[in-house]
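Remember, it's 1-based here, ligands and their atoms both numbered in the order they're listed.
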Amino acid sequence: MALIWATLVVVFIVYALYELLNNIQKRKRYPPGPKGLPILGHLHLLGKNQHQDFQKLAKKHGPIMYVRLGLVPTIVVSSADAVEKVLKTYDHIFASRPYSEAAQYLTYGQKNLVFAKYGPYWRNIRKLCTVHLFSSQKIHSFQPMRRQQVELMIESLKKEARDRLVVDLSAKVASMNADITCLMVFGKKYMDEDLDKRGFKALVQEVTYLAAAPNLGDFFPFLGLIDLQGLTRRLKDLSKVFDEFLEKIIDEHVQSHEQKKSKDFVDTMLDIMQSGEAEFQFERTHIKAVLLDMIVAGMDTSSTTVEWILTELLRHPHVMKKLRKELEEVVSLERMVKESDLENLNYLDMVVKEGMRLHCVAPLVPHEAMEDCVVDSFHIQKGSRIMINFYAVQRDPNIWSEPDKFLPERFVGSSIDVHGRDFQLLPFGSGRRSCPGMHLGIVLVRLFVAQLVHCFDWELPNGMQPCDLDIDEHFGLVTSREKPLMAIPTYRLKES
Ligand code: HEM
């Protein structure tokens with residue numbers, strides 16, 4: 001009898017606690033959001049372009065919106081004010097990254113910088129990359145190499161101009177940027193075939209596509225093993241290709257390590273690993289994970305930004321003309337653009353800012369809440385995925401007039417820049433997880449755009465009119481043009 005009473009008391013206490021917790025939860029005010037389905041939550045609302053789907057939903061439900069992706073509570077942030085709260089006021093709470101199958105398989109269990117969980121490992125790796133790759137001194141030291149690579153691209157375009165060939169500008173810029181990234185990080189160039197017959201551009205794009213595709217394994221962990229969509233199999237295949245390539249690079253560096261006078265980034269990381277002096281665990285897999293970051297984040301972002309800016313210049317000939325006039329005045333038709341010219345090109349600066357605003361290459365960036373937090377009186381629970389919709393912010397009609405138009409003049413007399421302090425324009429993010437490659441990215445984008453506009457007149461193929469040039473997007477962690485940008489160059493500088 002005593003046992004029955006004791007059991008009843010325990011059941012009653014458990015029930016009372018459950019009710020109490022439930023009531024506390026009910027009193028918490030969660031952000032508004034659309035009605036979801038049982039089990040799936042809101043996954044069915046996501047189509048090909050998630051940034052645009054979320055933008056439409058946020059117009060109805062507000063800038064801090066709750067959706068449930070399978071089992072994962074998700075907060076979508078879509079206004080400059082709300083982004084400021086997340087990336088500045090509560091940056092210490094939202095600075096982590098969520099688990100994903102992509103991060104798991106491509107980056108050796110989140111050992112890279114882009115997907116690493118917030119904590120001492122991430123802090124150390126970030127410091128290492130900042131000192132040895134992204135410091136102003138390092139960026140400056142690669143200037144002659146950048147000039148040489150840009151000159152090579154211009155020479156090859158001159159040949160194509162003589163033959164009146166239609167050029168795949170997307171591929172041209174991507175290939176030059178791949179060479180620059182390889183020289184900077186690995187100390188030498190690699191051919192497309194060194195990686196795989198599909199080449200750098202295609203494989204890097206596959207990485208950024210798979211990293212953002214809604215993989216059921218991310219939202220229902222037990223489905224990861226079944227891999228209903230076949231996405232995880234594709235991730236594993238990709239990871240094998242990159243792993244073999246990175247192993248080869250590390251082996252080459254180990255073999256030539258002692259004889260080398262000047263050390264590249266891989267040598268520096270090997271030194272740190274071999275010295276055993278790192279205050280954190282640092283082995284071969286960690287080096288491979290960080291190198292993969294540099295290939296993916298370094299190669300695709302800058303060239304995709306250039307691709308979008310050139311697209312808009314071709315769609316707006318009067319802007320192209322005005323930019324060319326500035327280049328003629330500052331640089332002259334006697335010579336190519338030098339990096340030292342860039343600071344004198346004010347209209348170029350506006351064109352680049354407007355291009356980055358309109359075509360945010362990283363439109364939807366995932367963060368993770370490390371603790372419960374209240375933002376704008378809404379409760380956000382620990383472990384929630386936070387999707388920052390930079391695309392929605394940068395096209396918000398409450399901030400930007402005619403937000404879908406390409407209007408560089410909107411920056412005349414404006415102090416807004418892209419460095420992470422102005423929350424209405426954040427192509428590089430802001431706060432702890434903001435882009436460490438920002439200064440390098442800005443130099444590359446400004447240099448490539450200026451050089452291509454200064455050295456060549458560009459004509460669309462098959463008599464296509466500027467207004468017919470499409471701006472269809474291929475959504476991914478980096479969002480590029482759906483189809484490559486094609487144009488015919490005519491060389492315009494005075495031949496010496
Ligand atoms: C125009 C060029 C670029 C753009 C628009 C861009 C944009 C971004 C954005 C939006 C983020 C995420 C910010 C956040 O989580 O809130 C990011 C992170 C990152 N970017 Fe860039 N990026 C560019 C160039 C580069 C380059 C050239 C490199 C390296 C060679 C690079 C390396 C990284 C890395 C490693 C991270 C992860 C940082 C972390 O999680 O701590 N990026 N970038």
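Geometrically, Arg395 does not engage Trp400 in a cation-pi contact, judged by NZ or CZ lying under 6.0 Å from the ring centre and within 45° of the ring axis. Cation-pi check for Lys48 over Phe475 is not met; the charged atom does not lie both under 6.0 angstrom from the ring centroid and within 45 degrees of its normal.
Remark: minimum distance from atom 35 (C) of ligand 1 to any protein heavy atom is reached at Leu113 CD2, 3.6 Å. Nearest non-hydrogen protein atom to atom 22 (N) of ligand 1 is Cys435 SG, 3.0 Å. Scanning all protein heavy atoms for the shortest distance to atom 23 (C) of ligand 1 gives Thr301 OG1, 3.3 Å. Closest to atom 13 (C) of ligand 1, if we only count protein heavy atoms, is Arg433 O, 3.3 Å. Atom 27 (C) of ligand 1 has as its closest protein heavy atom Gly298 CA, 3.8 Å. The protein heavy atom nearest to atom 32 (C) of ligand 1 is Ala297 CB, 3.4 Å. Annotation: atom 38 (C) of ligand 1 to nearest protein heavy atom, Arg126 NH1, 3.4 Å.
If you look at Ala362 next to ligand 1, the close heavy atoms, those under 4.0 Å, all belong to the side chain.
Using bins of under 30°, 30° to 60° and over 60° for the plane-to-plane angle, the ring pair Tyr121/Phe280 lands in the perpendicular bin. Ring planes of His359 and Trp308: parallel class, angle under 30° (limits at 30 and 60°). Between Tyr118 and Trp122, the ring planes are tilted. Angles from 30° to 60° get that label. The aromatic rings of Phe282 and His286 lie tilted to each other, with the angle between the two planes from 30° to 60°.
Listed by number with element, the atoms of ligand 1 under 4.0 Å from a non-hydrogen atom of Val361 are 5 (C). Residue His367 approaches ligand 1 through these ligand atoms, each under 4.0 Å from one of its heavy atoms: 14 (C), 15 (O), 16 (O). Listed by number with element, the atoms of ligand 1 under 4.0 Å from a non-hydrogen atom of Pro427 are 5 (C), 7 (C), 10 (C). Near Thr305, the atoms of ligand 1 lying under 4.0 angstrom from a non-hydrogen atom of the residue are 1 (C). Distances below 4.0 Å separate heavy atoms of Val114 from the following atoms of ligand 1: 34 (C), 35 (C), 36 (C), 37 (C), 40 (O). Proximity to Arg97 (heavy-atom distance under 4.0 Å) selects the following atoms of ligand 1: 14 (C), 15 (O), 39 (C), 40 (O). Of all atoms in ligand 1, listed by their number and element, those nearer than 4.0 Å to a heavy atom of Pro436 are 19 (C), 20 (N), 33 (C), 34 (C), 35 (C), 36 (C), 38 (C).
Closest of all the heavy-atom pairs between Glu312 and Leu358 is OE2-CD2, 3.6 Å.
Atom NE2 of His140 sits in a sparse spot, with 12 or fewer heavy atoms from other residues, nucleotides or ligands closer than 6.0 Å. Counting heavy atoms of neighbouring residues, nucleotides and ligands inside a 6.0 Å radius, atom NZ of Lys382 does not exceed 12 of them.
Ion pairing between Asp179 and Lys188 fails under the 4.0 Å rule for side-chain N and carboxylate O.
Here atom 3 (C) of ligand 1 lies nearest to Phe428 when heavy atoms of Phe428, Phe134, Trp122 are compared.
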